[in-house]
Amino acid sequence: MLSNSRRILRLGIPAALLLSGGALAAPAAAAEPSPSDASAHSCSLTEGTLTATAAPTSERNERFADYGDSGVGWTGGDSTYSLELADGRQAWFFSDTFLGPVEADGSRPTTTPFLNNSIVVDDGSSLETVTGGTPDAPASIVGPTGEGPTGEARWHWFGDPERTRRGDVHVPLLQFKKFGPGPWDFRWSANRLAVLDGDTLELERIRELPSSTGINWGAWTMTEGSKTYVYGIADVEGVRSAFVARVTGNAGLAGNWKFWDGKRWSPREADAVPVASHVANEFSVARFEDGYLLVTADTTVPFDTRVVAQTSCSLTGGFAVATELYRMPETGLWGSYGDEDVYGYNAHEHPQLRDGNTLLVTHNVNTFDNVHDIFDDVTIYRPRFWEVELALD
């Protein structure tokens with residue numbers, strides 16, 4: 001992702017607040033037991049052998065490449081969350097985003113518009129870019145909040161969206177702020193919630209979300225029945241770890257939040273404990289067979305190229321690596337770009353587009369060289385689409 005004030009390439013969302021043993025407190029007395037979410041039972045998904053066969057899906061890759069190369073709207077972005085809208089259209093939610101034009105040699109002008117978030121809508125026959133602002137002066141859908149009390153600039157990146165029963169769209173937001181003049185002088189400051197019109201995707205309002213512990217909520221959301229589960233990330237003793245909360249009520253992600261403390265659902269955010277480790281800033285969790293499948297870029301090794309599936313019998317963990325799905329081929333000097341600055345990151349599934357046991361998985365591609373590469377080649381800063389067929393023996 002890129003800075004909103006200077007196009008300085010980031011390594012993804014910076015490490016969240018390091019949770020100490022004191023922050024991961026004992027369960028509160030009012031915590032709610034939830035046997036149905038318990039992780040003690042067994043399932044064939046974790047007991048069997050999971051294997052994967054993967055390949056790029058040319059149709060979607062070419063579709064987004066052709067649209068981006070046209071320069072009429074979105075030309076590149078990251079995050080690549082997706083949501084099926086009420087009328088059947090597929091909406092693709094991006095964080096940092098470049099817009100057109102695109103030069104004949106496949107480069108973008110250094111003056112190209114740059115936004116912190118956007119949406120590309122696929123109606124089955126064409127793609128269209130949704131932004132804030134006006135056609136002549138496009139802006140982020142959720143723009144900067146203005147200057148903070150000490151003068152710091154603040155901006156928002158998208159999390160995984162959910163469609164509510166009322167028909168609007170709820171998008172978790174990660175708010176970041178600058179605290180100095182340097183390119184790395186920024187940090188996460190709060191979790192927030194954008195409420196978008198379910199048809200036009202225009203911003204209607206912004207609400208606050210739990211933010212007391214430093215967990216970045218919204219890396220993934222999943223609705224089962226009347227409950228929505230929200231996954232977040234934070235570093236625990238240097239390991240990027242996943243946490244989960246449960247939201248109930250009729251207000252979507254603005255409902256009543258409780259947090260998994262290892263045994264039950266607690267009303268205290270400070271009681272949240274990790275349910276998976278070595279995840280990326282973005283990942284996915286979805287039902288598969290009789291358990292749950294977590295798809296993530298592996299972070300055991302920095303900038304690892306492996307995309308892996310972790311499995312669990314419960315959405316509350318514990319997740320463990322079951323198999324490698326594929327390796328991101330663009331990364332490094334020996335990658336498809338032959339460029340040591342290029343890297344892949346933030347892989348996850350799009351469960352609503354699953355076909356039987358064949359998953360649609362995306363990862364993002366970026367470069368450390370935001371002075372030359374990011375402008376010289378528009379193809380770098382785009383998602384890659386893969387089909388992954390799984391077999392359980």
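FYI, the numbering just counts along the sequence from 1. Please read all numbers here as calculations on a predicted model, not as lab measurements.
- There is a side-chain donor-acceptor pair under 3.5 Å between H350 and T362.
- In this structure, the side chain of S312 engages the main chain of G317 through a donor-acceptor pair within 3.5 Å.
- Contact annotation: the side chain of H372 never approaches that of S107 to less than 4.5 Å [non-hydrogen atoms, C-beta and beyond].
- Side chains of L83 and L85 form a contact here, defined as non-hydrogen atoms less than 4.5 Å apart.
- Minimum interatomic distance between I206 and V142 (heavy atoms only, all atoms of both residues): CD1-CG1, 3.7 Å.
- Checked by atom type, the side-chain pair T80/N364 shows a donor-acceptor distance below 3.5 Å.
- A 4.5 Å side-chain heavy-atom check between L196 and V171 finds at least one atom pair inside the cut-off.
- Between Y345 and Y343, the ring planes lie tilted relative to each other; the angle falls in the 30° to 60° range.
- In this structure, S95 contributes its side chain and F158 its backbone to a donor-acceptor pair below 3.5 Å.
- Shortest non-hydrogen contact noted between R205 and L203 is O-CD1, 3.5 Å.
- Between the side chains of T223 and T228, at least one donor N or O sits under 3.5 Å from an acceptor N or O.
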- [ ] Might you work through the side-chain contact (heavy atoms from CB on, under 4.5 Å) test for V388 and V295, ending with a clear yes or no?
- [x] CA-CA 11 Å; V388 180; V295 175; over 6 Å; no
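- In the model, S266 has no side-chain atom that pairs as donor or acceptor with a side-chain atom of D261 under 3.5 Å.
- Residues L127 and W74 share a single hydrophobic cluster, defined by chaining ILVMFWY side chains whose heavy atoms lie under 4.5 Å apart.
- For the 3.5 Å distance criterion, the side chains of Y229 and T316 fail to qualify, holding no donor opposite an acceptor.
- By the 30° and 60° cut-offs, the orientation of the rings of W217 relative to F259 is tilted.
- Distance alone, capped at 3.5 Å, is enough to place a donor-acceptor pair between the H170 side chain and the L253 backbone.
- Proximity of T200 to V130: side-chain heavy atoms (C-beta onward) are nowhere separated by under 4.5 Å.
- At least one side-chain heavy atom of E289 sits less than 4.5 Å from a side-chain heavy atom of N357.
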Open item on the list: One pair to check against salt bridge (Lys or Arg N to Asp or Glu O under 4.0 Å): R264 and D271. What are the steps and the verdict?
Closed with: CA-CA 10 Å; R264 53 186 63 86; D271 290 340; over 6 Å; no
Open item on the list: Working note: Q175 + S189, criterion side-chain hydrogen bond (donor to acceptor under 3.5 Å, both in side chains); need CA distance, chi angles, decisive distance, verdict.
Closed with: CA-CA 6 Å; Q175 178 179 275; S189 60; 2.9 Å; yes
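- By the 6.0 Å contact criterion, CD on E59 is enclosed, its count of non-hydrogen atoms from other residues, nucleotides or ligands being greater than 12.
- Taking both residues in full, the closest heavy atoms of G218 and Y81 are given as O-OH, 3.9 Å, listed atom of the first, atom of the second, then distance.
- The aromatic rings of F385 and W92 lie perpendicular to each other, with more than 60° between the two planes, well past the 30° mark.
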Open item on the list: Using the rule given for side-chain contact (heavy atoms from CB on, under 4.5 Å), can you reason through E349 versus R354, listing the C-alpha separation, both sets of side-chain angles and the distance that settles it, and then say yes or no?
Closed with: CA-CA 8 Å; E349 187 196 358; R354 187 186 295 177; 2.8 Å; yes
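- Without hydrogens or angle criteria, T134 side chain to A137 main chain gives a donor-acceptor distance under 3.5 Å.
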Task: side-chain contact (heavy atoms from CB on, under 4.5 Å) assessment of S79 paired with E282 - done: CA-CA 7 Å; S79 283; E282 299 172 7; 2.8 Å; yes
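- Checked by atom type and distance alone, the side chain of T112 never pairs as donor or acceptor with a backbone atom of P109 at under 3.5 Å.
- Under the 4.5 Å side-chain heavy-atom criterion for grouping Ile, Leu, Val, Met, Phe, Trp and Tyr, F288 is connected to V361 within one hydrophobic cluster.
- In the model, Q310 has no side-chain atom that pairs as donor or acceptor with a side-chain atom of T296 under 3.5 Å.
- Side-chain contact between H348 and W220: present, with at least one pair of heavy atoms (C-beta onward) separated by less than 4.5 Å.
- A donor-acceptor pair is defined here as one N or O able to donate and one able to accept, closer than 3.5 Å; no such pair exists between the side chain of D199 and the backbone of A86.
- Both L209 and F243 sit in one connected hydrophobic cluster of ILVMFWY residues. Membership requires side-chain heavy atoms under 4.5 Å apart, directly or through other members.
- L45 and Y292 are members of different hydrophobic clusters when ILVMFWY side chains are connected at heavy-atom separations under 4.5 Å.
- Side chain of N116 to backbone of P144: no donor-acceptor contact under 3.5 angstrom is found.
- By the rule that hydrophobic residues join a cluster once side-chain heavy atoms approach within less than 4.5 Å of another member, V321 and L294 end up as members of separate clusters.
- In terms of modelled atom types and a separation under 3.5 Å, the side chain of D235 and the main chain of G238 share no donor-acceptor contact.
- Between W386 and H363, the ring-plane angle classifies as tilted under the 30° and 60° cut-offs.
- Judged by distance alone, the side chain of D160 and the main-chain N or O of T221 form a donor-acceptor pair under 3.5 Å.
- Side-chain contact check for T75 and R108: at least one donor-acceptor pair (N or O, by modelled atom type) lies under 3.5 Å.
- Taking the six-membered ring for Trp and thresholds of 30 and 60 degrees, F303 and F368 have ring planes more than 60 degrees apart, a perpendicular arrangement.
- Looking only at distances, a side-chain donor or acceptor of T331 sits under 3.5 Å from a matching main-chain atom of G344.
- Residues Q90 and S82 bring no donor and acceptor atom of their side chains to less than 3.5 Å of each other.
- In this structure, W334 and T305 have side chains that are not in contact, with every pair of non-hydrogen atoms separated by 4.5 Å or more.
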TODO: Applying side-chain contact (heavy atoms from CB on, under 4.5 Å), run through E84 and R89 and close with a yes or a no.
DONE: CA-CA 6 Å; E84 183 174 322; R89 292 176 297 161; over 6 Å; no
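- Residues Y231 and V275 meet the side-chain proximity criterion, which asks for heavy atoms closer than 4.5 Å.
- By the neighbour-count criterion of 12 heavy atoms within 6.0 Å, atom CD of E128 is sparsely surrounded, having that number or fewer from other residues, nucleotides or ligands.
- Ring geometry for W155 versus F186: interplanar angle of 30 to 60°, hence tilted.
- Judged purely by distance below 3.5 Å, without hydrogens or angles, the side chains of T213 and E269 pair a donor atom with an acceptor atom.
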- [ ] Could you give me the CA-CA distance, side-chain angles and deciding distance for R166 and D168, then say whether salt bridge (Lys or Arg N to Asp or Glu O under 4.0 Å) is met?
- [x] CA-CA 6 Å; R166 299 181 216 177; D168 51 13; 5.4 Å; no
